[in-house]
Enquirer: 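Input: one structure, supplied below.
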Amino acid sequence: MKIRRTHATVAMLATGALVLAGCTSSDDSDDAPSASSSSTGGSAEPTSTGKEDLGEVVTADDSISYSLGGEEWLGYNGNTPETYSTYNSVVNDRIFGSFMYFGTDGAIYQDEDYGTFKLTSEDPMSVEYTLNDAAVWSDGTPIAYEDYLLDWAAQSMTDGVDDEGNPVPLFNSVSGLEFGGRVLEGPQGEIGGKTFTYDYESPYPDYQLQVTSAFPAHIAAEQGGLTVEQLVEAIKAKDVETLRPVAEFWNTGWLSPTPGELPDEAIRPSSGPYKLSSWTAGESITLEANENYWGTPPATKTLVYRFVAPEAMVQALQNGDLNVIEPQATVDTVAQLEGIGDSVTLETGQSLTWEHLDFNFNNGVFADNLALREAFAMCVPRQQIVDNLVKPVDPEAVVMNAREVFPFQERYSELLETSYDGRYDEVDIDGAKAKIEEAGVTGPIDVRIGYSAPNQRRTEQVALIKSSCDEAGFNVTDAGNEDFFAPGGTLERGDYEVALFAWAGSGQIVSGQNIYSSTGAQNYGGFSNAEVDAAWEALATTLDEDEQFTQIQTIEKLLWDNLYGIPVFAHPGVSAFDSTLSNVRRTATQNTVAWNAEQWVRAS
């Protein structure tokens with residue numbers, strides 16, 4: 001499975017190693033970085049969750065190496081389903097500027113070096129974007145309106161319909177046609193213009209995530225045999241035939257199917273502080289400072305992203321082959337890092353990735369039996385799971401009792417006051433037995449808990465659940481397997497009673513609608529509740545923050561009362577780095593420890 005990164009309105013399935021929002025992911029999301037930290041040495045505590053103002057920066061002629069995993073880089077265009085991954089974005093986010101970024105706690109910040117945006121009207125909803133006048137691609141071409149018109153087209157243009165009458169996207173965008181359904185006519189502006197406006201069909205709370213970076217329209221036009229003027233005209237006219245060569249290039253021309261072969265330098269300009277320099281297959285990809293970057297220059301000239309497997313990261317850090325790592329958050333990893341001593345700074349804490357148990361409503365014993373779901377919730381030893389498996393990594397870890405707000409975020413306690421009464425905080429075997437009797441089911445009741453294996457922490461979770469719930473009258477079976485999330489695999493077939501995995505998402509307001517609403521594409525268990533659907537619809541169409549929170553309270557209470565599933569804990573995160581480095585900062589988000597890599601510098 002690929003590992004996905006954050007994208008508007010799509011929640012993240014965190015099945016494993018690293019993860020960053022999308023629809024699916026990989027093996028174990030233990031490594032989403034942290035929100036609270038235990039640290040020795042290293043950078044001073046920042047005053048903001050956003051990027052620090054470092055004042056006047058002179059780029060140091062130095063090199064810093066880092067790694068998040070062993071997977072190869074996949075291409076300059078990281079917005080196709082085949083390339084939309086954490087391991088790709090950790091490189092590409094350094095070479096593409098963006099209107100926004102996530103702070104360490106998931107708060108959204110505007111990158112004013114790149115541009116600004118503002119909501120100019122709520123009804124009808126309109127958002128105005130203004131690029132920095134000095135913003136240029138590294139080949140000297142101004143970044144302008146046409147780049148964002150192409151960005152909109154890639155998420156809106158259709159090429160007929162399929163056999164079932166569904167529209168077929170012209171561009172192979174991971175976002176499908178979502179943006180085109182929200183903004184029917186694309187951004188309004190002029191060729192070469194630095195200001196443009198998006199008019200939405202209805203209010204959309206996650207609008208700040210919708211427009212971020214863009215690809216160079218002048219390159220796509222040229223490769224498609226058009227001028228920029230012809231490209232803009234074709235998009236506005238929705239001229240599919242004229243756009244077909246452009247779409248073909250967008251879909252394939254910026255990809256790198258052969259590891260080690262970068263796209264030609266002429267077609268891969270940068271809009272960020274770094275640009276692609278070289279790539280050695282199986283080893284590393286190197287970024288060099290973009291000499292035409294108009295904003296704050298990068299603090300270090302060269303960044304080297306090395307393809308290093310998580311189990312080899314600690315040794316590589318100790319040897320000096322890596323300077324910054326984000327390994328899997330395990331007890332053994334933390335012990336190894338602590339054993340290195342003061343030469344390494346270790347940071348741990350909770351992340352915006354969370355573990356949960358979801359019931360199968362499509363079939364099986366829990367489908368139409370609330371009492372039986374309640375019995376299972378009563379016997380799941382959530383506190384024991386946290387104490388045994390999470391607190392050794394993050395001492396501040398707690399049992400998580402919400403889905404849309406994390407324990408370390410504001411208003412978490414306020415949310416619980418109205419949505420959850422603590423009924424499943426402690427194991428109650430006698431209560432579970434009584435609920436089983438109420439459910440009218442004779443035992444032992446077979447319960448297969450499915451997850452993506454191998455995953456030691458989840459294997460241990462299932463063992464703890466079995467030890468407890470079997471006492472109540474269940475017969476828990478470990479159904480973990482490597483094909484759990486694969487097409488046609490266990491999750492898709494519904495061959496489980498309970499699914500164990502994780503979701504992740506930063507700064508998103510309505511991504512959960514895709515999980516908990518009756519028709520949500522990520523509602524794998526088939527949960528359906530009209531009141532939940534109505535609350536999500538109300539949430540997804542209001543910009544009023546108080547009303548949004550009210551609907552979240554309603555949703556959380558309904559999900560507890562009807563037992564969609566059982567939240568367990570926020571994942572711990574681990575990052576570590578050479579203590580001679582400054583400005584390396586942990587983050588709770590899925591943007592990884594490299595979120596501010598352009599600010600990393602070695603102390604002189």
Enquirer: Kindly give the heavy-atom pair with the smallest separation between T195 and T130, and that separation in Å.
Expert: OG1-OG1, 3.3 Å
Enquirer: Does CD in E291 sit with more than 12 non-hydrogen atoms of other residues, nucleotides or ligands closer than 6.0 Å?
Expert: yes
Enquirer: Find the distance between OH (Y129) and OG1 (T120) and round it off to the nearest 0.5 Å.
Expert: 10.5 Å
Enquirer: To check you understand the geometry: which heavy-atom pair defines the closest contact between A154 and S173, and what is its length?
Expert: O-CB, 3.2 Å
Enquirer: Okay, side chain of W294, backbone of D113: is any donor-acceptor separation there less than 3.5 Å?
Expert: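 Flag set: sc W294 to bb D113 pair under 3.5 Å.
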Enquirer: Distance from R602 atom CZ to L581 atom CG, nearest 0.5 Å?
Expert: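 If I round to the nearest 0.5 Å, the distance is 5.0 Å.
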Enquirer: Under a 4.5 Å cut-off applied to non-hydrogen side-chain atoms, are P203 and D123 in contact?
Expert: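 Not touching, per the 4.5 Å side-chain cut-off.
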Enquirer: Among side-chain atoms of W503 and Q522, is any donor-acceptor pair under 3.5 angstrom?
Expert: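 The criterion, which ignores hydrogens and geometry beyond distance, is not satisfied for Q522 and W503.
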Enquirer: State, with a plain yes or no, whether a side-chain heavy atom of T587 is found less than 4.5 Å away from one of V593.
Expert: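 No, their side chains stay 4.5 Å or more apart.
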Enquirer: Regarding W137 and D147, do their side chains bring together a donor and an acceptor under 3.5 Å, going by distance alone?
Expert: yes
Enquirer: Give a yes or no on whether the backbone of E547 and the side-chain of D544 come within a donor-acceptor separation of less than 3.5 Å.
Expert: yes
Enquirer: Would D139 and T141 count as a side-chain hydrogen bond (donor to acceptor under 3.5 Å, both in side chains) here? Give the steps.
Expert: CA-CA 6 Å; D139 63 6; T141 304; 3.2 Å; yes
Enquirer: What's the shortest heavy-atom distance between T86 and L68, and which atoms?
Expert: CG2-CD1, 4.3 Å
Enquirer: Quick check for you: to the nearest 0.5 Å, what is the distance between R182 atom CZ and E178 atom CD?
Expert: 4.5 Å
Enquirer: Within the supplied structure, the quantity of interest is the number of heavy atoms (other residues, nucleotides, ligands) at a distance under 6.0 Å from E229 CD; does it exceed 12?
Expert: yes
Enquirer: If you apply the rule side-chain hydrogen bond (donor to acceptor under 3.5 Å, both in side chains), what do you find for S138 with N292, and how did you get there?
Expert: CA-CA 5 Å; S138 55; N292 287 330; 5.9 Å; no
Enquirer: Short question: side chain of S156, backbone of W152 - any donor-acceptor pair under 3.5 Å?
Expert: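 Yes; judged by distance alone, with no hydrogens or angles, the pair exists.
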Enquirer: Indicate the atoms forming the closest heavy-atom contact of V510 with W536, along with that distance.
Expert: CA-CZ3, 4.0 Å
Enquirer: I'd like to know if the side chain of S256 reaches the main chain of T258, judged simply by a donor and an acceptor atom lying under 3.5 Å from each other, with no hydrogens or angles considered.
Expert: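 Not at all, since once roles are kept as given, no pair shorter than 3.5 Å links the two residues.
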Enquirer: Working note: N88 + E71, criterion side-chain hydrogen bond (donor to acceptor under 3.5 Å, both in side chains); need CA distance, chi angles, decisive distance, verdict.
Expert: CA-CA 9 Å; N88 215 63; E71 281 74 3; over 6 Å; no
Enquirer: Do W73 and N92 come close enough that some side-chain heavy atom pair is under 4.5 Å?
Expert: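 W73 vs N92: side chains touch.
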Enquirer: Tell me, do V304 and Y66 make a side-chain contact under 4.5 Å, heavy atoms counted?
Expert: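 Of all side-chain heavy-atom pairs linking Y66 with V304, none is under 4.5 Å.
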Enquirer: Is the distance between the ring centroids of W600 and F577 under 6.0 Å?
Expert: no
Enquirer: Which label fits F307 and Y305: parallel for a plane angle under 30°, tilted from 30 to 60°, or perpendicular past 60°?
Expert: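 The arrangement is perpendicular - the two ring planes meet at more than 60°.
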Enquirer: Indicate yes or no: does E248 engage R244 in a salt bridge with an N to O separation below 4.0 Å.
Expert: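 Looking at E248 and R244, the cut-off is not met.
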Enquirer: Please determine if R585 and E347 form a salt bridge, counting it only when a charged side-chain N lies under 4.0 Å from a carboxylate O.
Expert: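 No, no charged N to carboxylate O under 4.0 Å.
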Enquirer: When you compare the side chain of V91 with that of Y274, does any pair of heavy atoms fall below 4.5 Å?
Expert: no
Enquirer: Could you check whether T280 and E283, counting side-chain N and O atoms only, form a donor-acceptor pair closer than 3.5 Å?
Expert: no
Enquirer: At what distance, to the nearest 0.5 angstrom, does CD of E241 lie from CG of D159?
Expert: 7.0 Å
Enquirer: Identify whether the distance between the nearest side-chain nitrogen and carboxylate oxygen of D133 and K194 falls below 4.0 Å.
Expert: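 No salt bridge links D133 with K194.
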Enquirer: Rounded at 0.5 Å granularity, tell me how far CD in Q223 sits from NE2 in H218.
Expert: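 The CD atom of Q223 sits 10.5 Å away from the NE2 atom of H218.
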Enquirer: Might you confirm whether atom CD of E265 has over 12 heavy atoms from other residues, nucleotides or ligands at distances under 6.0 Å?
Expert: no
Enquirer: If we ignore hydrogens and angles and just use 3.5 Å, is the side chain of E261 paired with the main-chain N or O of P257 as donor and acceptor?
Expert: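 Checked: no pair found.
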Enquirer: Quick one: does W595's side chain get under 4.5 Å of K51's, heavy atoms only?
Expert: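 In short, these two side chains touch, coming nearer than 4.5 Å.
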Enquirer: Ring centres of Y207 and Y198 under 6.0 Å apart?
Expert: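 Distance test on ring centres: not under 6.0 Å, no.
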Enquirer: Donor-acceptor check, side chain of Y200 to backbone of S126, threshold 3.5 angstrom: yes or no?
Expert: no
Enquirer: Donor-acceptor check, side chain of Q110 to backbone of F117, threshold 3.5 angstrom: yes or no?
Expert: yes
Enquirer: Sub-3.5 Å donor-acceptor pair from the side chain of S67 to the main-chain atoms of R306, do we have one?
Expert: yes
Enquirer: Tell me if the centroids of the rings in F215 and Y148 come within less than 6.0 Å of each other.
Expert: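 No - the distance between ring centres of F215 and Y148 does not fall below the 6.0 Å cut-off.
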Enquirer: Any side-chain to backbone donor/acceptor pair from D62 onto T300? Under 3.5 Å, distance only.
Expert: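 Checked: no pair found.
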Enquirer: Suppose we screen for ring-ring contact (aromatic ring centres under 6.0 Å, His included). Which residues come up paired with Y145, at least two apart in sequence or across chains?
Expert: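 Result, ring-ring contact (aromatic ring centres under 6.0 Å, His included) vs Y145: none returned.
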Enquirer: Return all side-chain donor-acceptor pairs below 3.5 angstrom for residues 183-192, not counting sequence neighbours, or 'none' if the list is empty.
Expert:
residue, atom, partner, partner atom, Å
Q188, NE2, E185, O, 3.4
Q188, NE2, G186, O, 3.0

Enquirer: Could you tell me whether the side chain of Y76 reaches within less than 4.5 Å of the side chain of P216, counting heavy atoms only?
Expert: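 A side-chain contact exists here, since the closest heavy-atom pair is under 4.5 Å.
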Enquirer: Taking the side chain as every heavy atom from C-beta outward, state whether L54 and T296 have any pair of such atoms under 4.5 Å apart.
Expert: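 Not touching, per the 4.5 Å side-chain cut-off.
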